**Student:** 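Can you keep this structure in mind? I'll have questions shortly.
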Amino acid sequence: MAVENNERVTVVDHPLVRHKLAVMRDENTSGITFRQAVHEITMLEAYEATKHLLTVPVEVKTPIAPASCETIAGHEPVIVPILRAGLGMLDGMLEVIPTAPVAHLGMYRNETTHEPIEYYAKMPGYIAERQVFVVDPMLATGGSLIAAIQALRSRGVKDLVAMVIVASPEGVEAVLEADSDVRLFTCAIDEGLNEDAYIVPGLGDAGDRIFQTFGTPVTSDLEPAHR
Ligand code: PRP
Ligand code: URA
């Protein structure tokens, strides 16, 4: 399957997007600059990914004269960041849709099997009636996004858009195969995956770069569920 040519896949291509991607890919970029670039690129990507939002006509009065305008129809879409790295995209989404509700979904990859493990979900009861944007910077094997999509579908979500920043061809294909309706936006589709299932050339571990969590994790005395 030529994933770039699939009608459900949009690669957001713009000079500013390409510039911010270069900043993010550079291993010498500092944590604060990386986080800022994730924030900015998300706003640019959101501009494309929200193009399908429906509008309704409204009449307003300017200080000069009546004007025929449009506003977003119905209720605001729900933003679903996949924890942790998806949190880096949340504020960028809220900059463009400030009144959007936020539902959190916690997933991490088992470092050996690369299988996604869900550890948290907080969804509003009305999520099935809304358009949903699920956000996570990295789409590698696709396991995490597919599990997130399934978690949303099982709660009745019908209108679903996934936004990532860097994807692998394998991950895109897996997501399109796993769900026959989701639309996917990404800023790049890279060469592939390495033996550790990291995207090549990618940008490394997005969560660690956003939150600056490098080195051996400090252990906790709390029970696993409370860590
Ligand atoms: C990363 C990334 C995605 C996932 C992508 O999260 O943010 O959620 O890996 O990989 P996949 O497509 O192979 O599932 P990670 O598991 O590192 O957790 P984190 O966000 O807490 O850092
Ligand atoms: N998760 C990341 O943060 N980066 C990758 O390349 C793959 C998974």
Side-chain angles (χ1 to χ4, degrees), residues 1-6 8-13 17-18 20-27 29 31 34-35 37-39 41-42 45 49 79-90 92-93 104-121 133-153 160-179 182-214 217:
M1 189 194 303
V3 290
E4 293 89 347
N5 298 328
N6 190 294
R8 289 196 281 140
V9 179
T10 302
V11 180
V12 180
D13 187 27
V17 168
R18 293 199 292 272
K20 290 174 200 311
L21 256 182
V23 171
M24 291 172 64
R25 289 189 193 279
D26 186 342
E27 65 177 356
T29 293
F34 185 87
R35 191 185 292 169
V38 172
H39 178 78
I41 207 169
T42 301
E45 188 177 5
I79 315 298
V80 183
I82 302 179
L83 310 184
R84 272 180 318 165
L87 287 175
M89 298 175 73
L90 178 59
M93 293 300 291
H104 294 84
L105 198 49
M107 301 266 174
Y108 70 91
R109 291 199 317 177
N110 177 295
E111 285 182 8
T112 314
T113 64
H114 309 132
E115 289 295 316
I117 297 166
E118 181 181 319
Y119 60 89
Y120 187 76
F133 290 83
V134 58
V135 299
D136 188 332
M138 308 306 282
L139 170 54
T141 64
S144 304
L145 184 56
I146 291 169
I149 291 169
Q150 287 167 349
L152 292 165
R153 293 293 191 212
L160 183 56
V161 171
M163 290 173 58
V164 304
I165 296 176
V166 180
S168 74
E170 304 83 321
V172 174
E173 191 165 348
V175 167
L176 295 179
E177 268 178 29
D179 189 280
V182 68
R183 282 158 292 157
L184 178 68
F185 287 78
T186 183
C187 299
I189 300 178
D190 278 9
E191 291 161 22
L193 299 174
N194 68 13
E195 59 281 5
D196 296 320
Y198 272 81
I199 300 172
V200 180
L203 46 76
D205 190 308
D208 281 346
R209 294 189 70 182
I210 292 168
F211 296 109
Q212 299 170 50
T213 46
F214 301 109

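Quantities reported herein were computed from a predicted structural model and do not represent experimental measurements. We use all heavy atoms of the structure for the numbers below, so side chains are in, but hydrogens, waters and symmetry mates are not.
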**Student:** Find the distance between CD1 (I189) and CG (L184) and round it off to the nearest 0.5 Å.
**Tutor:**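 Here the interatomic distance stands at 7.0 Å.
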
**Student:** Can you name the nearest heavy-atom pair linking I41 to V17, along with the distance?
**Tutor:**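 Heavy-atom minimum between the residues: CD1-O, 3.7 Å.
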
**Student:** Considering all heavy atoms of both residues, which atom of P116 and which atom of S144 are nearest to each other, and what is their separation?
**Tutor:**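 Heavy-atom minimum between the residues: CB-CA, 3.8 Å.
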
**Student:** Compare every heavy atom of I82 with every heavy atom of A148, then report the nearest pair and how far apart it is.
**Tutor:** CB-CD1, 3.5 Å

**Student:** Report yes or no: does T29 contribute a side-chain atom to a donor-acceptor pair with the main-chain N or O of V23 at less than 3.5 Å?
**Tutor:** yes

**Student:** Can you tell me which residue among M93, M163, K20 is in a side chain to side chain contact (heavy atoms under 4.5 Å, CB included) with E45?
**Tutor:** M163

**Student:** Please check if the number of heavy atoms outside Y108 that lie under 6.0 Å from its OH is greater than 12.
**Tutor:** no

**Student:** Does D196 reach the main-chain N or O of Y198 with its side chain, forming a donor-acceptor pair under 3.5 Å?
**Tutor:** no

**Student:** Return yes if some donor-acceptor pair links the side-chain N/O of T186 with the main-chain N/O of V11 below 3.5 Å, else return no.
**Tutor:**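 Not confirmed, T186 side chain does not pair with V11 backbone.
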
**Student:** Is the backbone of G204 close enough, under 3.5 Å, to the side chain of R209 for a donor and an acceptor to pair up by distance?
**Tutor:**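 No: the side chain of R209 does not pair with the backbone of G204.
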
**Student:** Measure across T213 and R84 and return the closest heavy-atom pair with its distance rounded to 0.1 Å.
**Tutor:**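 Closest approach of T213 to R84: OG1-NH1, 3.0 Å.
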
**Student:** Strictly distance-based, threshold 3.5 Å: is any side-chain N or O of R35 a donor or acceptor partner for the main-chain N or O of G88?
**Tutor:** no

**Student:** Looking only at non-hydrogen atoms, find the nearest pair between V38 and M24 and report the distance.
**Tutor:** CG2-CE, 3.6 Å

**Student:** Give a yes or no on whether the backbone of A197 and the side-chain of R109 come within a donor-acceptor separation of less than 3.5 Å.
**Tutor:**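 Answer holds: yes.
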
**Student:** If you take all heavy atoms of A85 and I210, which pair is closest and at what distance?
**Tutor:** O-CD1, 3.6 Å

**Student:** Apply side chain to side chain donor-acceptor pair (under 3.5 Å) to R25 and list each qualifying residue two or more places apart in sequence or on a separate chain.
**Tutor:** D190

**Student:** H104 vs L87, test: side-chain contact (heavy atoms from CB on, under 4.5 Å). Steps then yes/no.
**Tutor:** CA-CA 9 Å; H104 294 84; L87 287 175; 4.0 Å; yes

